[in-house]
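Reading through the structure tokens given below for one structure.
For the single chain, residues carry numbers from 1 onward in sequence order. Just the heavy atoms: all of them, side chains too, but no hydrogens, waters or symmetry mates, feed the values below. One-based numbering, in listed order, for ligands and for the atoms of each.
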Amino acid sequence: MIPALLRPLAAAAAATVDPDADVDALVPTNNPANGDYQWNFAFRMAKARRENPRALAERLLPFFVGRPGVAKAEVAGPGFLNLYLDDTWLAQALVAQAGDAAFGLPQSGAGKLAIIDFSSPNVAKRMHVGHMRSTHLGHVLSLVHRAAGWTVIGDNHIGDWGTPFGKLIVAWDHWRDQRGYDADPVGELERLYVLFGEKSEAKEGAGVHLADRARDETAKLQRGDPRNTSLWEQFRTASLAEYDAVYARMGVRFEEVLGESAYGGMTDAVIDGLLAAGVAEESDGAVIVRLGEQVSVVRKKDGAATYTATDLACVKYRMERWNPTKMVYVTDGRQHQHFMTFFAVAARDNVAAELVHMGFGMLKLPDGAMSTRKGNVIRLVELLDEAVARARAIVDEKSGTLDEAERASIAEAVGVGAVRYQDLVQSPGTDITFDWDRMLAMDGNSAPYLLYTRARAASLLRKAAAAGHTPDLDALTLDHPRERELALAMLRFPEAVESALRATAPNLVAEATYRLCEAFNRFFHELHVLTGGDRLASRLALTFTADRLLVRALRLLGLVPLDRM
Ligand code: ARG
């Protein structure tokens, strides 16, 4: 709403200086003394043009002064334009936003399709925290794209092909513990995989023999050998069942689960195509693509297709099947080089979609906080259970009057939400440390705080209803600075979502939601809605719009809004 008001004014002003000027740099201010938005265009341009920035700013000022919606515009500091929005205009914009199905978010994705490749654990192994982060970030990215009108295909590109299966089959035949498998299939498969590694590392005798056998079993599987195929299917199904239990708890769904195996039969043709097109070349028995100084191997000497070759086959398949505008791959930042190389080869191969790698930092688990094996391998279900148990203790303490079933569902939403939110709130690139206390804090930038704020709004609306007051948006006006702040935080929310889309940064949505909550809480504490006298109707309308938007914002973050807490 606000950009729709200010951008055209800025564009008209900028065009008198430079027709190609970038007017996006209209930024919301944090200090109301500097207006609601600030434009530093004159300051930037004057430098480049060796003009006096304040003089240039004065020349641009008339484009804003006296315009509908703009209460005041002034030149400030070394050449900034400070813009103050009109209260009546803000109130009307807010009512319009409340009535918009997309809460004022421009539908920039209408008619476009995005594929979000996320979660993607490796079959027969536990999901590790990296996959958990990918699941949370990819899920929110999908929701954010959908909100902006995109059609989204969420694709779980599981690792379900290649040499690990030959090893597993050999280990299965030698050492399987059937009872262990029946009780905990993925745990047993993981044990077998680790055991294979240990035994085959012995260089002499059995070690060599095991490694050869594993290679044979992999080759047999890839040729479609019935026994190996059926074992592979069994391992895959058991793993997916475990993953699905985690996804269900996190409210995550995928449109497709096309793992690496789906492309097993396509890599040869893709590599041959690259060779025929002169993109790839043979080198020392392998097939490579030269990228400047770098070399990307697509087929190894032993004839096996690489991870890159699989991704190339996959990207071609997706182009043919969905013709997406963009594809976002959400993985650990350590795979960045792989994606940069693969994107470069794909570009040579005329893949037209925009390819984005969203890499994220590590999540460090504090020592002893939970059972970890081999560094970061944890059972995600256990982690969620622990979070829910901790949330339950807080709920029991704070809301002892609610019945058992409601306390349980609140604890589930708070616990799972807390784990999710700590992944979302940081800028994706940074490493984070798992911190139960911070994650579950009732104040501070945490899921419980956000959920509690919304529950507070809902409770206020219930009390109003009980007293016979129904919210009426026509009554909404802005009178007090706390009301105005809340209105601005709401109107800026869709702008933050747009930025999150542009920058592939879900943390910007988290940040805007947190600001929204802070503004709501200040409003709530300082102004008494139900005893507001002649301001009651307006403040109730404001609370109502805030409540609606909070629900949307929480859902966008994959959190489950609560009516009470
Ligand atoms: N399975 C991989 C891993 O666990 C991630 C796959 C990411 N997606 C892709 N298209 N390469 O590291």
Side-chain angles (χ1 to χ4, degrees), residues 114-139 141-142 152-165 167-168 186 189-190 193 232 235-236 239-240 242-243 246-247 252 254-264 266-267 270 296-298 304-322 324 326-347 349 351 353-363 374-380 423 428 504:
I115 295 176
I116 316 277
D117 176 316
F118 73 105
S119 193
S120 310
N122 299 319
V123 163
K125 290 188 199 156
R126 298 226 180 277
M127 267 200 231
H128 58 63
V129 285
H131 299 122
M132 176 178 85
R133 295 207 73 194
S134 174
T135 308
H136 296 156
L137 292 164
H139 182 215
L141 221 47
S142 305
V152 174
I153 303 290
D155 188 4
N156 191 359
H157 187 85
I158 55 173
D160 62 352
W161 204 232
T163 51
F165 288 92
K167 296 177 186 172
L168 265 180
V186 178
L189 292 175
E190 203 173 60
Y193 191 76
W232 168 78
F235 300 159
R236 190 176 183 275
S239 306
L240 284 177
E242 171 159 331
Y243 304 152
V246 177
Y247 296 141
V252 176
F254 298 91
E255 278 61 43
E256 291 290 346
V257 183
L258 289 169
E260 293 178 25
S261 66
Y263 310 101
M266 301 177 202
T267 44
V270 168
S296 169
V297 180
V298 288
T306 61
Y307 186 46
T308 304
T310 302
D311 264 328
L312 281 167
C314 169
V315 87
K316 298 199 85 138
Y317 170 86
R318 288 174 178 169
M319 290 309 291
E320 268 164 40
R321 176 156 170 208
W322 288 295
K326 78 169 154 181
M327 286 182 233
V328 186
Y329 297 81
V330 188
T331 77
D332 188 322
R334 286 171 299 180
Q335 291 195 33
H336 193 65
Q337 194 51 47
H338 159 72
F339 283 102
M340 291 306 105
T341 318
F342 149 52
F343 292 171
V345 179
D349 204 22
V351 171
E354 182 194 355
L355 303 178
V356 181
H357 177 229
M358 179 190 187
F360 50 80
M362 309 247 282
L363 173 63
K374 298 198 93 192
N376 266 344
V377 181
I378 45 159
R379 266 194 100 159
L380 280 191
D423 266 357
T504 321

Report the part of Thr310 in contact with ligand 1, treating N, CA, C, O as backbone and CB onward as side chain, heavy atoms under 4.0 Å; options are side chain, backbone, both, neither.
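No part of Thr310 comes within reach of ligand 1.
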Please determine if Glu260 has a nitrogen or oxygen closer than 3.5 Å to a nitrogen or oxygen of ligand 1.
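By distance alone, the answer is no.
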Do any N/O atoms on Tyr329 end up under 3.5 angstrom from N/O atoms on ligand 1?
no
Using a 4.0 Å cut-off to any heavy atom of [X], which atoms of ligand 1 qualify?
{"X": "His131", "value": "3 (C), 4 (O)"}
{"X": "Asp117", "value": "7 (C), 8 (N), 9 (C), 10 (N)"}
{"X": "Tyr307", "value": "2 (C), 5 (C), 6 (C), 7 (C), 9 (C), 11 (N)"}
{"X": "Asn122", "value": "1 (N), 2 (C), 3 (C), 4 (O)"}
{"X": "Thr331", "value": "7 (C)"}

Option nearest atom 3 (C) of ligand 1 (shortest heavy-atom distance, choices His338, His128, Gln335, His157)
Gln335
Proximal candidate to atom 2 (C) of ligand 1 [heavy atom criterion; set Ser120, Gly159, Ser119, Gly259]
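Looking at heavy atoms only, Ser120 sits closest to atom 2 (C) of ligand 1.
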Below 4.0 Å from any atom of ligand 1, is there a heavy atom belonging to Phe339?
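The answer is yes: ligand 1 sits under 4.0 Å from a heavy atom of Phe339.
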Using only heavy-atom distances, determine whether the side chains of His128 and Asn122 contain a donor-acceptor pair under 3.5 Å.
no
Verify the distance criterion only: is there a donor paired with an acceptor across the side chains of Glu242 and Tyr247 at less than 3.5 Å?
no
Check step by step if salt bridge (charged side-chain N to carboxylate O under 4.0 Å, His left out) holds for Arg318 and Asp117.
CA-CA 11 Å; Arg318 288 174 178 169; Asp117 176 316; 2.9 Å; yes
My understanding is that only one of Phe118, Phe360, Phe343 makes a ring pair (Phe, Tyr, Trp, His ring centres under 6.0 Å) with Tyr329; could you say which?
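Exactly one pass, corresponding to Phe343.
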Check Val330 against Ile116 and note the closest heavy-atom contact, atom names and distance.
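What the structure gives for the nearest pair is CG2-CG2, 4.1 Å.
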So, for Lys316 and Val270, which heavy atoms are closest and what is the spacing to 0.1 Å?
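Scanning both residues, the minimum pair turns out to be CD-CG2, 4.2 Å.
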Give me the residue, atom name and distance of the protein heavy atom closest to atom 10 (N) of ligand 1.
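Among all protein heavy atoms, the one nearest atom 10 (N) of ligand 1 is Asp311 OD1, 2.7 Å.
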Look at the side chain of Asp332 and the backbone N and O of Arg334, then say whether any donor-acceptor pair between them is shorter than 3.5 Å.
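At least one qualifying donor-acceptor pair exists.
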So, the side chain of Ser120 versus the backbone of Ile158: is there a donor-acceptor pair under 3.5 Å, distance only?
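Not a single qualifying donor-acceptor pair exists.
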